[in-house]
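Keep in mind that what you see is a predicted model, and the values were worked out from it rather than measured. So that the names make sense, note that chain A is the first sequence line, chain B the second, and so on, each numbered from 1.
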Protein chains: 2
Amino acid sequence: MSAFLGLYIHSFRIHTIAHSPITTMSHSYTEENYIKAIYKLSANGTQEVNTNAIAEVLETKAASVTDMLRKLSAKDIVNYVKYKGVSLTEQGERVALQIIRKHRLWETFLVEKLKFNWDEVHEVADEMEHISSTLLTNRLDEFLGFPKFDPHGDPIPSETGEMKQIKQRLLSDMEVNDAGVVVGVNDSQPLFLQYLDKMGIALGSKIKIIDKIPYDNSLEINLEDNKKLLISSEVSKNIFLSA
Amino acid sequence: MSAFLGLYIHSFRIHTIAHSPITTMSHSYTEENYIKAIYKLSANGTQEVNTNAIAEVLETKAASVTDMLRKLSAKDIVNYVKYKGVSLTEQGERVALQIIRKHRLWETFLVEKLKFNWDEVHEVADEMEHISSTLLTNRLDEFLGFPKFDPHGDPIPSETGEMKQIKQRLLSDMEVNDAGVVVGVNDSQPLFLQYLDKMGIALGSKIKIIDKIPYDNSLEINLEDNKKLLISSEVSKNIFLSA
DNA sequence: CAGTGAATTTAGATTCACCTAAAAATAAAA
DNA sequence: TTTTATTTTTAGGTGAATCTAAATTCACTG
């Protein structure tokens with residue numbers, strides 16, 4: 001209100017600067033899930049995200065997605081052009097990063113403090129990520145010692161949305177005699193993580209590629225204790241090693 | 001199942017035994033809030049809870065409450081007779097105790113681990129109490145060392161719904177020269193708790209009644225360091241001392 | 001015990017997130 | 001470039017939780 005005054009008193013001009021709105025709008029549980037889904041789908045591949053893809057990950061129908069995209073568009077969370085797909089706006093991306101921050105901090109809490117296994121945390125964190133208090137989020141972050149990566153090796157966004165990005169490459173992209181340390185997984189489904197547990201592969205495991213079978217692209221690898229393992233192509237596409 | 005076989009096998013009768021359902025039905029966020037509200041309202045005063053009271057604590061309208069009571073009645077969570085009020089069924093009480101268990105464990109976590117003040121935890125815990133995982137709840141309980149009381153002195157129900165009940169009486173019911181230790185508060189509103197903070201009254205504080213002013217029932221008390229305080233009747237009705 | 005006032009319930013709408021089925025737009029193939 | 005297939009959107013409707021306004025029941029008081 002009073003900010004406009006200055007506009008007309010030319011020597012006492014007060015400049016109203018356009019800034020990101022302080023009114024951090026809150027979003028419904030459902031909206032947050034859509035925002036997260038769109039973020040994740042646009043993370044790999046920078047193009048627009050299409051309706052069916054969102055419907056699939058959220059286990060809903062395309063028509064429902066269209067409804068929500070209209071709504072999120074009106075709230076300036078997504079850039080939405082009919083039939084052309086969506087992308088997050090800057091504001092939308094900020095919101096997404098906060099949700100992911102909470103998700104990954106809670107996952108870290110569950111594993112580090114409550115002794116959950118890394119395959120047990122995803123579902124629970126999917127609920128916890130919607131707890132709204134930012135004081136809580138920041139205190140949790142502090143309590144955990146400001147971790148930079150979650151139990152699956154995924155980076156945890158800071159309060160301002162920044163993430164440590166580490167150089168990593170897929171095990172499937174490596175050559176014979178290459179070696180590295182497991183720093184992340186590309187799939188957090190319980191069945192995959194349980195398989196890794198059984199094989200003795202965890203974050204921090206040292207791996208060396210012994211042989212590559214051209215027929216099916218499976219790999220023969222060595223773990224630190226010289227344990228030899230055969231890894232299918234499918235599996236090797238979901239393990240990140242330090243570059 | 002198989003244990004029952006022998007009982008009826010000789011006549012070939014298969015007897016369906018009514019037992020508490022193993023299918024622990026899940027309840028919506030909203031339903032849980034109603035269940036908690038009814039529990040709290042029936043805790044003080046064992047009579048039936050009336051519609052308007054529920055509407056008031058949930059900040060909703062009586063008509064909405066009626067709708068929900070019908071629904072909860074159909075689910076056998078409440079005993080509801082039109083125009084006569086409600087009470088929780090046994091099953092409803094079990095559900096209520098699990099919600100309260102989660103609420104109080106989270107409050108304890110926030111204060112003990114995340115350095116929240118006791119006046120900051122209620123609202124956050126109101127969100128966290130709806131996280132469904134019982135594994136989480138039990139691991140949290142363990143992590144906190146199986147606490148029996150929350151930061152306001154309220155008892156935390158065990159996994160089976162049992163609570164330690166300690167003998168306590170209201171400060172307002174005590175006489176001159178009586179003394180005791182603060183073991184709980186009857187009101188967890190931030191403003192009240194902040195007032196206690198300012199006065200230096202916390203759980204564990206030793207209090208002795210020095211004088212009682214008949215005119216307004218206010219009290220003159222001594223804290224452990226011989227600090228004298230004047231406490232209004234209103235305030236003294238919300239502080240529990242060990243009996 | 002009838003009559004009034006308060007509490008409660010019903011009736012009818014609204015909003016959110018979802019659905020199915022049909023129409024429209026886009027993309028791929030002939 | 002038509003035709004066909006796929007994707008996406010519209011249209012219309014459902015259930016959950018809410019609301020307002022009107023009707024009903026209860027409880028008290030004269």
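Here T51(A) lies in heavy-atom contact (under 4.0 Å) with sugar-phosphate atoms only. Contact annotation for Y29(A): no contact, since no heavy-atom pair falls under 4.0 Å across all strands.
Among all heavy-atom pairs drawn from G184(B) and L203(B), the shortest one is N-CD2, 3.7 Å.
Nearest to the side-chain atoms of T30(A) among the listed nucleotides dC18(C), dT8(D), dT9(C) stands dC18(C). Residue N52(B) has its side chain nearest to dA7(C) when only dC19(D), dA7(C), dA11(D) are considered. Taking only side-chain atoms of K61(A), from C-beta outward, the nucleotide of dC18(C), dT10(D), dC19(C) with the closest atom is dC19(C).
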Using residues 160-171 of chain A as the side-chain source, report each donor-acceptor pair under 3.5 Å to any protein atom, sequence neighbours left out, with the distance given to one decimal.
from    : atom 1 : to      : atom 2 : distance (Å)
T160(A) : OG1    : S158(A) : OG     : 3.0
T160(A) : OG1    : E162(A) : OE2    : 2.9

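Taking atom CG on L69(B) and atom P on dA7(C), their separation rounds to 16 Å, with Å as the unit. Rounded to an integer number of Å, the gap from NZ of K75(A) to P of dC16(C) is 9 Å. Following rounding to the nearest Å, I54(A) (CD1) and dC18(C) (P) show an atom-to-atom distance of 12 Å.
By the 4.5 Å heavy-atom criterion applied to side chains, D141(B) and P147(B) are counted as neighbours.
Residue D67(A) places a side-chain atom within donor-acceptor reach of the base of dC18(C), judged by atom type and a 3.5 Å distance cut-off alone.
Looking at residues 122-132 of chain B, you'll see that no heavy atom sits under 4.0 Å from any atom of DNA chain D.
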With 3.5 Å as the limit, what N/O pairs link the protein to nucleotides 27-29 of chain C?
none

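No side-chain N or O of E127(B) forms a donor-acceptor pair with one of S133(A) less than 3.5 Å apart.
Remark: K113(A) is positioned above the aromatic ring of F143(A), its terminal NZ or CZ atom under 6.0 angstrom from the ring centre and at most 45 degrees off the axis.
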